Amino acid sequence: MTATMIKEFRLPDLGEGLTESEILSWKVAVGDTVTLNQVIAEVETAKAVVELPSPFAGVVAELHEQPGTVVEVGKPIVSFEVDDAGSSNPGGAPVAVKESVGTGSAGDRAAVETSANGAAAAPADGVGSPAKREPNLVGYGAVVEHSGRPTRRARGQVQNVKAPAPEAPAAADPVVPRQTEAETSERPRSTPPVRKLARDLGVDLELVPGTGPGGLITREDVQNFSGTPEAPGSAAQGERETRTPIKGVRKFTAAAMVQSAFTAPHVTEFLTVDVTATMELLARLKGNKAFEGYKLTPLTIAAKAVLVALRNNPSLNSRWDEANQEIVQFNYVNLGIAAATPRGLTVPNIKDADRLTLRELSTALTELTDTARAGKTSPSELSGGTISITNIGVFGIDAGTPILNPGEAAIVALGAVRKAPWVVNDELAVRQVMSLSLSFDHRLVDGEQGSRFLADLGSILADPAIVMTMI
């Protein structure tokens, strides 16, 4: 009979030092048989929604956290009953979180086994050594039962585990209950959100009596102890306000915008342009068989115009490296497009957009916006942007002062295309006009450089044929 063991999977760092993620949904249930790399959960980081694959092949023994719970990195989220013969992730096989961000390759990522007493045992090939910090998933798989047939654990039951005792006869190995997190860390039993609430309210959980099952400290216990008995948004506060927790993408965006606004000295310039020629070009392209099936909009042409204008104004495609006191000039363009999503504002970017033809750029823009609206943008698509565009014109807005995406030198806001009176050849005519707004980091971009870029961009949109003189 094949021996089995229980292995825990702890929440990994899903990219760029993120400290927590929210469990959105489980794709498996207790008792389900899973295969290696099968998607078991959907979690939301501060940047995106990520599908989490299983690092083991086996049977789901316990789901430690419920959907809607914010979990700290390194905390156990699920336990598996696996074959001790090595069928589960043998030899530290690679476990790749779908679209996760990290400097380590997928082959670097492996689950490190620890014995019941917590001692680490690195794989034989050295991959996943605790001293190696690159791989994001290192150290998140743990053996909590060394051998024997564990009792299948129902939801909420305590799992009996067998601690290894090499000096005693195998038959006499004692079976002891696994310590809970509270017992091992000698702190009151509560959930991560409750502990965070206690920190926010300045409450010492050691002093709070728990009224939940088994003495669990609940949100109400913390609020009652602090003198704020009503939970945020509760009926006791009335129905005149609604409170929404600040978390996930919106929390990250807010922090990034504050950092950008108070770190980079912003300058914003405006230019109103007659874009009648661009709109006429757009109409001709839509009727051209070469562009049949492609989605062409003013954003498509404007994005191409930004890429062309950068060729003569490369300072707007750079980054300020404070740590090394250097200006980093990018010789490629990862074009960010601000997208409003149900989870908040995101700025995914098109890698190497400067190498794309107009048709390829059209396809990339369509895929980017569709993915963002579906909430499926990956962390890698949100990283590494070099300059951004925000299309406020789709909301009927003419101009604004956009805030820089952190780490970028410039952002362009496209206003609405409107019919307006315009002087053409000293005569008044009705033309289609658009306002352009350019914000830039004055540490990197001088006023002259910013103005020349904006003027070049306006010239291209006013007369698309001018592109031939700028390439």
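Because the structure is a prediction, the values reported are computed rather than measured. Residue numbers run from 1 in the order of the sequence given.
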>> Checking D354 against L310 for the side-chain contact (heavy atoms from CB on, under 4.5 Å) test, could you report, in this order, the C-alpha distance in whole Å, the side-chain angles of both residues, the deciding distance, and whether it holds?
In response: CA-CA 9 Å; D354 53 315; L310 282 176; over 6 Å; no
Once you round to the nearest 0.5 Å, how far does [atom1] of [X] lie from [atom2] of [Y]?
X    : Y    : atom1 : atom2 : result
N313 : F440 : CG    : CZ    : 11.5 Å
I23  : H64  : CD1   : NE2   : 11.0 Å
L356 : K351 : CG    : NZ    : 12.5 Å
S318 : N331 : OG    : CG    : 11.0 Å
K75  : E20  : NZ    : CD    : 12.5 Å
T276 : M434 : OG1   : CE    : 11.0 Å

>> Quick one about T69 and Q66 (side-chain donor to acceptor, distance below 3.5 Å, no hydrogens or angles considered), yes or no?
In response: no
> With no hydrogens and no angle check, do the side chains of T377 and T371 hold a donor and an acceptor under 3.5 Å apart?
Replying inline: no
Any sub-3.5 Å donor-acceptor pair from [X]'s side-chain atoms to [Y]'s backbone N or O?
X    : Y    : answer
S383 : P379 : yes
E44  : L24  : no
T390 : A338 : no
S362 : L358 : no

>> Quick check on R355: does its CZ atom have over 12 non-hydrogen neighbours (other residues, nucleotides or ligands) under 6.0 Å away?
In response: no
> Can you tell me if CD on E427 sees more than 12 non-hydrogen neighbours from other groups inside 6.0 Å?
Replying inline: no
Might you point out which heavy atoms bring [X] and [Y] nearest each other, and give the distance in Å?
X    : Y    : result
L414 : L299 : CD1-CD1, 3.7 Å
F80  : V78  : CE1-CG1, 3.6 Å
E65  : W26  : O-NE1, 2.8 Å
V82  : G58  : CG1-CA, 4.3 Å
L438 : G450 : CD2-O, 3.4 Å
A264 : L404 : CB-CD1, 4.0 Å

> So Q38 and V28, side-chain contact (heavy atoms from CB on, under 4.5 Å) or not? Walk me through it.
Replying inline: CA-CA 10 Å; Q38 175 182 335; V28 295; 3.9 Å; yes
Pairwise side-chain contact, [X] with [Y], heavy-atom cut-off 4.5 Å (strictly under):
X    : Y    : result
F9   : L52  : yes
I350 : E360 : no
D398 : F270 : no
H266 : P402 : no
V60  : I40  : no
D441 : P265 : yes
L197 : Q223 : yes
V412 : L457 : yes

>> Strictly by ring-ring contact (aromatic ring centres under 6.0 Å, His included), give each pair with a member in residues 330-366 just once, sequence neighbours left out.
In response: F330-Y332
>> Go through it in stages, so that I can follow the logic: the residues are I403 and I411, the test is side-chain contact (heavy atoms from CB on, under 4.5 Å), and I'd like the CA-CA distance, side-chain angles, deciding distance and then a yes or no.
In response: CA-CA 7 Å; I403 297 177; I411 181 171; over 6 Å; no
> For I327 and W320, what are the C-alpha separation, side-chain angles and deciding distance, and is it a side-chain contact (heavy atoms from CB on, under 4.5 Å)?
Replying inline: CA-CA 5 Å; I327 293 176; W320 183 274; 4.2 Å; yes
> Picking from N349, N317, N334, what satisfies side-chain hydrogen bond (donor to acceptor under 3.5 Å, both in side chains) with T386?
Replying inline: N317
>> Consider side-chain hydrogen bond (donor to acceptor under 3.5 Å, both in side chains). Of S439, S388, S260, which one does E408 pass it with?
In response: S388
Pairs under 3.5 angstrom only: tabulate donor-acceptor contacts from the side chains of residues 278-295 to other protein residues two or more places apart or in another chain.
residue: T278; atom: OG1; partner: L461; partner atom: O; Å: 2.5
residue: N288; atom: OD1; partner: A290; partner atom: N; Å: 2.8

